[in-house]
Amino acid sequence: MRKTIITAALAAALAGCGGGQQPAQQSAGDASFEAKLQEQFLDAKPGSVIEIPAGHYALKRGLSLRTDGVTIKGAGMDKTVLSFKGQVVGPEGLLVNANDFTIENLAIEDTKGDALKINQGRNITIRGVRIEWTGGPKTTNGAYGLYPVKTQNVLVEDSVVIGASDAGIYVGQSNNIVVRNNRAEQNVAGIEIENSVNADVYGNTATKNTGGILVFNMPNLSQAGHATRVFGNKVFANDTENFAAKGAAVASVPAGSGVVVNSNDKVEIFDNDIADNQTANIIISSYFSTNYYNTRGVAADYNPYPKGIYIYGNRLKGGGDSPDGLKLKTLKTAVYGLGGHFPDVLWDGYVDTKSLVDGLPPPNDRICIHDVNGVLNADGPHDYKNPSTDIKPYQCDLPKLPAVVLDPAPKA
Amino acid sequence: MTYRAILLVVGLAALLGGCHRPMPPVAFHADGRPPRLSDWHVVEVHGGKLELNQGVVPYDLNTPLFTDYAHKLRTIWMPKGESAKYQPVDTLDFPVGTVISKTFYYPRAADGTFTDVLRTDDYSHDFAGQGLDLSRVHLVETRILARRKDGWVAFPYVWNNAQTEATLQRTGAVEPLTLVAADGSREDFNYVVPDESQCASCHAQDWVSRQVHPIGPKARHINKDYAYADGVQNQLEHLVKVGYLSGLPAMAGVPRDAVWNDPKAPLDARARAYFDINCGHCHNIHGAANTTGLSLIYGTPEDRHMGICKPPTAAGRGTGDHLFDIVPGQPDESIIPYRLSSAEPGVMMPELGRSTVHREGLALIRAWIAAQPGSCTPIH
């Protein structure tokens, strides 16, 4: 008896000193697909190919990757589906901070925030990726679908983005960009190039968005964008009511906008099929029209004027018949009557008056437009009081931009 | 030895050291991934207490990062003869071999279950200079940052329910807990342990180099007194005393952050300190959030760079239908408090590291915005 008591006391004493430690317990679900996938991301080495087989996978936590030279590969955009419907953690579905990154042939669905964000990196390829918010357009959907930002040499191709509450494909603050042969539907902005330099956007279909293809410059960022070519795209019936949260850059885009240039420079729009966008098939505007411009919050060196915009050789049809917002509706009725419609191109009319030479901007800063059924200068600076339908100011030409060359070329 | 003799020895040991067996010295692992926290011998459980090893120096911050009301036991250890070099603004320049630990724990509710934890900013009863009393606290995780030859490496260790050991969980973990407030009100939440890669998303303050660095041990954060076992001393001076810090200038020239909840400190200094530690690791010119044009780290001028009248960039639905980050005098019209008041992924800021709203921190930022003069007038 005594022996038992002493032994027990000894055991207790030892345990109290850490001698009785239990084997470590693993948390439940450790062997799940999600943990294994996360581990693959953590263990990836340059050259690693992470293959995700066909299947519908429910994920609770955002994934992230920080290793150069990794390829993520699914079995197809309708076969390998990463669903974030039950996401509880993480601002994105997948966040990448790495160079030489390729992702292809899979889908990311229903993320709470952005779906695929690539923040900083060279040589980025996104191919055959579907991003979708499956409940259709909703303000509560995540903001951006495919979202390379501060990247160089970016290729986005053969992808599909549906339902982003900001922009479906959004390339921001990047250089050397090719966005081709994608489909963007039911986003606020279908495709948006923002504060980026040297972008080619071609062969895409943008429909049922609020605005089809946008080329924007926002203030306060590390670089101003210029040199974007938008060509060979189909941009039609982008008439979905704007469902962005106010304050988001795209919240100021009127429903029914085809191609929109805001405050960007050297933008060339040619050879597109643009049709049935109810505010206007093409809109050119300045940051003044967004209502965000104020002296305290915008850097003094920010240039809000669109300059060097060249529009020619597009096939334009319909549109302009039901502009969004009371101001634009009133303007349309005032100029074109109840049954009329805006012409193909709507310009808000803000111009840098200090730069004018004989009433026109310097030759390379002009807005040059051919092959359209008309242009309306809305006279935004005077609250639409003296709109003008004179097309003479736009009868000019600009030097054509060179094609974007990705260097190095993306992997085949 | 007779049983009686054994009993005597055990009793004597208990008398002498509260059951102390000396820990093996701190083990710096120059490579690999030690599977258990105890492999480092930095902090260990002995005799119902989480204890610090010899040479492991605790510290805390004037204004800490908010992590779901978790309390944090932070420590620094360096190899013999090594010391960190003082830096006026950046993280102290620590030598190879440095091991920094941060243990996240909660004071336990007096009559609650193990997962009932206190919502309190009072740290004074947790740590008595020698260790954490495990009958009073619930250990959740311990993060190790080790300064290896090629740079810092982060390891998240999660404590078991027996509170005897923490094991490496590279992919993170989720622990359901209940916060119990002083008035008895309860809030269930999921405490989330970040995965290794998420560790880096805060600790890599430069997104081009992607190098991980400690955030807290900057002079301005740790320039404060600490109640060490042998008395109260300024932490920076203590680090010098124990040989862990060199190059400390005269204290009058060392920056010091305000204590965010010190009612005697100026509102402006408290808000700036809160922004600095909670937001500045991403919102700085090199960080993950440099894409936004918003900077909230120490030293940012108090104008559009800090968000005053600044239109957001890429905030998406995080704007909460507001036009500007900060509208002077109008916290209800400002984006920043909206994002601080959310716990929803895709809306909330910071993006990681919390599942609850820091009510007191939010109140501080709202009060600061309310006190800002002027307005944001759009120009057309």
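Per chain, numbering begins at 1; letters A, B, ... match sequence-line order.
- No donor-acceptor pair under 3.5 Å is formed between the side chain of Asn220(A) and the backbone N or O of Lys310(B).
- The backbone N or O of Lys385(A) lies less than 3.5 Å from no partner atom in the side chain of Asp383(A), so there is not a single donor-acceptor pair.
- Judged by distance alone, the side chain of Asn53(B) and the main-chain N or O of Pro24(B) form a donor-acceptor pair under 3.5 Å.
- Between chain B and the residues Val149(A), Thr290(A), Asp43(A), Val298(A), the largest count of heavy-atom pairs under 4.5 Å involves Asp43(A).
- Proximity to chain B is absent for every atom of Phe41(A), based on heavy atoms less than 4.5 angstrom apart.
- Heavy atoms of Val327(B) lying under 4.5 Å from chain A are absent altogether.
- Counting heavy-atom pairs under 4.5 Å between each of Glu196(B), Glu351(B), Arg317(B) and chain A puts Arg317(B) at the top.
- Residue with the most contacts toward chain A among Pro345(B), Pro312(B), Gly346(B), Gly293(B): Pro345(B) (heavy-atom pairs, distance under 4.5 Å).
- For the atom pair Tyr287(A) OH and Met218(A) CE, the distance stands at 4.5 Å (nearest 0.5 Å).
- Of the listed residues (Ala299(A), Ala98(A), Ala249(A), Ser286(A)), the one with the most heavy-atom contacts under 4.5 Å to chain B is Ala299(A).
- The stretch residues 110-118 of chain A places Lys112(A), Gly113(A) near chain B, each with some heavy atom under 4.5 Å from a heavy atom of that chain.
- For Leu95(A), the part lying under 4.5 angstrom from a heavy atom of chain B is the side chain only.
- The parts of Thr291(B) that come within reach of chain A are both its backbone and its side chain, each placing non-hydrogen atoms under 4.5 angstrom from that chain.
- Proximity to chain B is absent for every atom of Ala167(A), based on heavy atoms less than 4.5 angstrom apart.
- Side-chain contact between Trp133(A) and Ile131(A) is present, with at least one heavy-atom pair separated by less than 4.5 Å.
- Between the side chain of Thr300(B) and the main chain of Met306(B), no donor-acceptor pair closer than 3.5 Å is present.
- Distance alone, capped at 3.5 Å, is enough to place a donor-acceptor pair between the Asn242(A) side chain and the Ala251(A) backbone.
- Of the possible donor and acceptor atoms, none in the side chain of Asp195(B) sits under 3.5 Å from a partner among the backbone N and O of Gly172(B).
- Your options are Gly320(B), Ala315(B), Ala314(B), Gly374(B), and the one with the most heavy-atom pairs under 4.5 Å with chain A is Ala314(B).
- Residue Arg33(B) touches chain A through its side chain alone, counting heavy-atom pairs closer than 4.5 Å.
- Heavy atoms closer than 4.5 Å to chain B are found in the side chain of Leu221(A), but not in its backbone.
- Top candidate by heavy-atom pairs under 4.5 Å with chain B, chosen from Gln173(A), Arg61(A), Glu194(A), Glu34(A), is Arg61(A).
- Counting heavy-atom pairs closer than 4.5 Å to chain B, the top-ranked of the candidates Pro381(A), Ser289(A), Ala245(A), Ser165(A) is Ala245(A).
- Proximity to chain A (any heavy atom under 4.5 Å) is shown, for Ile308(B), by both the backbone and the side chain.
- Between Cys282(B) and Cys202(B) the SG-SG gap reaches or exceeds 2.5 angstrom.
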Run the side chain to side chain contact (heavy atoms under 4.5 Å, CB included) check on Val253(A) and Phe216(A) step by step: do they pass? CA-CA 11 Å; Val253(A) 174; Phe216(A) 275 33; 3.9 Å; yes
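- Side chains of Leu94(A) and Ile72(A) form a contact here, defined as non-hydrogen atoms less than 4.5 Å apart.
- Distance alone, capped at 3.5 Å, is enough to place a donor-acceptor pair between the Tyr292(A) side chain and the Ala248(A) backbone.
- Using a 4.5 Å cut-off between heavy atoms, Thr139(A) touches chain B through its backbone atoms (N, CA, C, O) alone.
- Contact annotation for Asp325(B): neither backbone nor side-chain heavy atoms come within less than 4.5 Å of a heavy atom of chain A.
- Classification of the Tyr350(A)-Phe288(A) ring pair by plane angle, with boundaries at 30° and 60°, yields parallel.
- Options Pro35(B), Gly307(B), Ser201(B), Cys376(B) differ in how many heavy-atom pairs under 4.5 Å they form with chain A, and the most are formed by Ser201(B).
- Asp166(A) contributes atom CG, which lies 3.5 Å from atom OH of Tyr144(A) (distance to the nearest 0.5 angstrom).
- Between the side chain of Asn217(A) and the backbone N or O of Gly225(A) there is at least one donor-acceptor pair closer than 3.5 Å.
- Of the atoms belonging to Asn99(A), heavy atoms from both backbone and side chain fall under 4.5 Å from chain B.
- Counting heavy-atom pairs closer than 4.5 Å to chain A, the top residue among Glu175(B), His305(B), His322(B) is His322(B).
- Formation of a donor-acceptor pair under 3.5 Å by the Arg339(B) side chain with backbone atoms of Val347(B) is found in this model.
- Between atom OG of residue Ser375(B) and atom CG of residue Asn294(A) there is a gap of 9.0 Å, rounded to the nearest 0.5 Å.
- Heavy-atom distances place no part of Asp348(A) under 4.5 Å from chain B, backbone and side chain included.
- At distances below 3.5 Å, not a single donor-acceptor pair connects side-chain atoms of Glu192(A) with backbone N or O atoms of Gly168(A).
- Contact of Ala288(B) with chain A is made through backbone and side chain together, with heavy-atom distances under 4.5 Å.
- Ranked by heavy-atom pairs under 4.5 Å with chain B, the list Asn119(A), Asn97(A), Asn291(A) is led by Asn97(A).
- Contact of Val188(A) with chain B is not made at all, since no heavy-atom distance falls under 4.5 Å.
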